[in-house]
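Okay, so here's the structure we're looking at.
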Amino acid sequence: MRSETVAVMDENLENLVDMNNKKRANPMVTVHPIEKGEINKANSIKIRTQDLSVFYGATEALKKVSMDIQKQAVTALIGPSGCGKSTFLRCINRMNDTIPGVCVKGKVLIDDIDIYQSDINIVTLRKIVGMIFQKSNPFPKSIFDNVAYGPRLHGISDKGVLEDIVEESLKRAALWGEVKDRLSRSALELSGGQQQRVCIARALAVNPQIILMDEPASALDPISTAKVEELIHMLKQHYTIVIVTHNMQQAARVSDYTAFFLLGELIEFGKTEQIFEVPKDKRTEDYITGRFG
Amino acid sequence: MRISSKTAQKIAFSFLGLAAVIVIVPVIVIFAILIQKGLPAINWQFLTAMPRMGMRAGGIFPAIMGTIYLVLGTIVVALPIGVLAAIYLVEYARRNWWTRMIEVAIVNLAGVPSVVYGLFGMGLFVIFLKFGASILSGSLTLSIMILPVIITASKEALSSVPRSFREASLALGVSKWQTIRYVVLPNALPGILTGTILGISRAAGETAPILFTVAAFYLPRLPKSIFDQCMALPYHLYVLSTQVPNVSQKVQYGTALVLVGLVFILNFFAVVIRSYMRSKKQW
């Protein structure tokens, strides 16, 4: 059952470019030089931004950020409020497009495909790049219907297949044991932490490759936060995770790489241990040690 | 002479209380008189029989049915147009001079006197489009009259659906239209229905818009198609009260009571839906 599911759900990045335009697309950027299974250093970059700038009207919220984000690792974005880290995150699934007056310049490459080129299918992009929001936002539906929402709208109607997807997604979100007997109850009856994990399961159900998390634990109590962090740790085996957080300890705990943003600029980016133990930039050090922000 | 603050407060409160009483009194008096004088007229025959003897006897069945047909016709026309327009304005349109024009037009449409709608309907539907005086013309005229109510209520209902629901859906790779169809509309539906019913109940009670477009003076049979004229309660009441001599007061008040009852039932539905929606709303 599940394999059939995967076949239906599997979105190749090549599909990102609309089928009609596929022939036109530059072969240089769509061909994958390294075959599957041979993941090595050269192929381990999942997301690459080049001189990425974002303008809200006349304000420059993000200034020429170039960054390489590793596959199947957790990358944390830290910095004070208004530093552009959420803006950066929302560029990766083009969520900024939904806000009027936003202008994005530069490139975002996912598996070497520029997701801002004109013939990109945004709907397919967002299937590949899932997103978890700061405030858990389950729909006012049952737990089952929440998780099945994406697959259903992507054309899966077979009840058995949907049940498999829901079970698998809830297991991956470490929630199955807690809710398996009440899947038909409203998701809004769950605790805040459980609601957030329903949202994670809902995102996993469409089989993404990348998961963006915008301060996913900032509204949760410490125990729920610990559960979500544990979950992030498990998820990185399968997914590339980019997480925005205000909580420095959290960044240190969950991430492999950390990027420090300040006033729209990427100040420093490197392995998490290095950023937290031997920051190269004075401003990074000041922020991490709590001297401002 | 200075009055103490305590006295001033007492005076202020009595004026405020008086204003509130003035609002309630007419409602109670109207209902009391209608029920007292109209209830004796109402029986099964009054509701289900054709009028006889130049409307002085018999029932008001064709007028009741006529009003129901007009209400249904108005729903069929106004509900889809109103909801679709609201979706366009809330979800798709960018704020520019064009959408501001549409919004100004809607506000102005709401301020047009109902008799002007009647004349407009006669000019456009009855004469120009050659629909004649018919249920079709009447429903279209009433629809235009209540469109602003439906659009305004629908816009409010759509905007009250949290942005986070839309973002969650879009972030799952669901298209904008699917998001509207499967997340926004279901959550806005109770609000849309409430606004629609209130608009419809207004349409049910109006006389002027149907005067020139559909209402028949005396037609003791049911209409055969939407191109037929029909009787309608508000116009029938007007006719009974001013155009036909020697109609017993009982029949007049009975007709008024049926009309008010019909509108009251519609409004009651709106209130029930709204309170049900409030109890279910959890965000």
Side-chain angles (χ1 to χ4, degrees), chain A residues 9 11 15-16 89-90 92-101 121-141 145-155 186-190 195 198-208 210-214, chain B residues 86-103 154-194 273-283:
Chain A
M9 294 298 295
E11 290 287 349
N15 294 345
L16 257 179
L89 193 76
R90 293 168 66 96
I92 302 174
N93 64 348
R94 295 190 61 170
M95 259 337 240
N96 285 330
D97 293 16
T98 62
I99 303 166
N121 182 340
I122 297 184
V123 168
T124 312
L125 167 71
R126 293 194 184 131
K127 282 186 214 172
I128 295 168
V129 188
M131 188 165 204
I132 310 297
F133 297 87
Q134 178 172 6
K135 197 170 167 294
S136 64
N137 52 3
F139 301 126
K141 300 171 185 265
D145 287 343
N146 261 283
V147 181
Y149 176 81
R152 264 188 188 139
L153 285 187
H154 297 148
S186 168
L188 297 171
E189 290 171 14
L190 299 172
Q195 287 192 13
V198 167
C199 294
I200 293 174
R202 184 176 62 186
L204 298 180
V206 298
N207 217 17
I210 298 168
I211 301 172
L212 310 175
M213 298 184 169
D214 194 352
Chain B
I87 291 176
Y88 174 75
L89 288 172
V90 173
E91 305 289 338
Y92 286 100
R94 289 180 184 271
R95 292 215 50 87
N96 53 29
W97 69 269
W98 171 239
T99 48
R100 274 196 291 276
M101 279 253 299
I102 296 177
E103 269 156 23
S154 304
K155 273 176 67 183
E156 221 159 273
L158 291 167
S159 325
S160 74
V161 176
R163 195 184 150 72
S164 65
F165 287 1
R166 293 161 219 255
E167 287 198 324
S169 176
L170 290 175
L172 291 166
V174 172
S175 71
K176 188 162 181 176
W177 167 243
Q178 285 178 315
T179 298
I180 291 169
R181 168 74 186 74
Y182 292 101
V183 174
V184 181
L185 263 187
N187 286 303
L189 202 57
I192 292 174
L193 284 182
T194 311
I273 292 175
R274 188 158 41 185
S275 62
Y276 176 73
M277 164 183 76
R278 284 220 186 103
S279 68
K280 273 206 84 172
K281 197 163 170 175
Q282 290 168 331
W283 64 86

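Per chain, numbering begins at 1; letters A, B, ... match sequence-line order.
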Worksheet, complete the sentence: Between the CD atom in A:Q134 and the OG atom in B:S164, the distance rounded to the nearest 0.5 Å is 11.5 Å

Worksheet entry | For B:A168 against A:F133, the heavy-atom pair lying closest together | CA-CE1, 3.8 Å

Worksheet item: Side chain, backbone, both or neither: which part of A:P208 has a heavy atom under 4.5 Å from chain B?
Response: neither

Worksheet item: In terms of heavy-atom pairs under 4.5 Å, which option from A:M95, A:K135, A:M131 contacts chain B the most?
Response: A:M95

Fill in: Per-residue contact mode, A:R202 against chain B (heavy atom under 4.5 angstrom)
both

Discussion item. Could you tell me if the side chain of B:E167 sits less than 4.5 Å from the side chain of A:D214, heavy atoms only?
Written reply: no

Practice prompt. Can you see which heavy atom on A:P100 is nearest to which on B:R94, and at what distance?
Written response: CB-NH1, 4.0 Å

Fill in: Most contacts with chain B, counted as non-hydrogen pairs under 4.5 angstrom, among A:L153, A:L212, A:V123
A:L153

Worksheet item: Using non-hydrogen atoms only, which part of A:K141 is less than 4.5 Å away from chain B: side chain, backbone, both, or neither?
Response: side chain

Practice prompt. Measure distances from B:R95 to the heavy atoms of chain A and classify the residue's part below 4.5 Å as side chain, backbone, both or neither.
Written response: neither

Discussion item. Sort by residue number and list every residue of residues 172-180 of chain B having at least one heavy atom under 4.5 Å from chain A.
Written reply: B:L172, B:G173, B:V174, B:S175, B:Q178, B:T179

Discussion item. Tell me the closest heavy-atom pair linking A:Y149 and B:S169, and the distance in Å.
Written reply: OH-OG, 2.7 Å

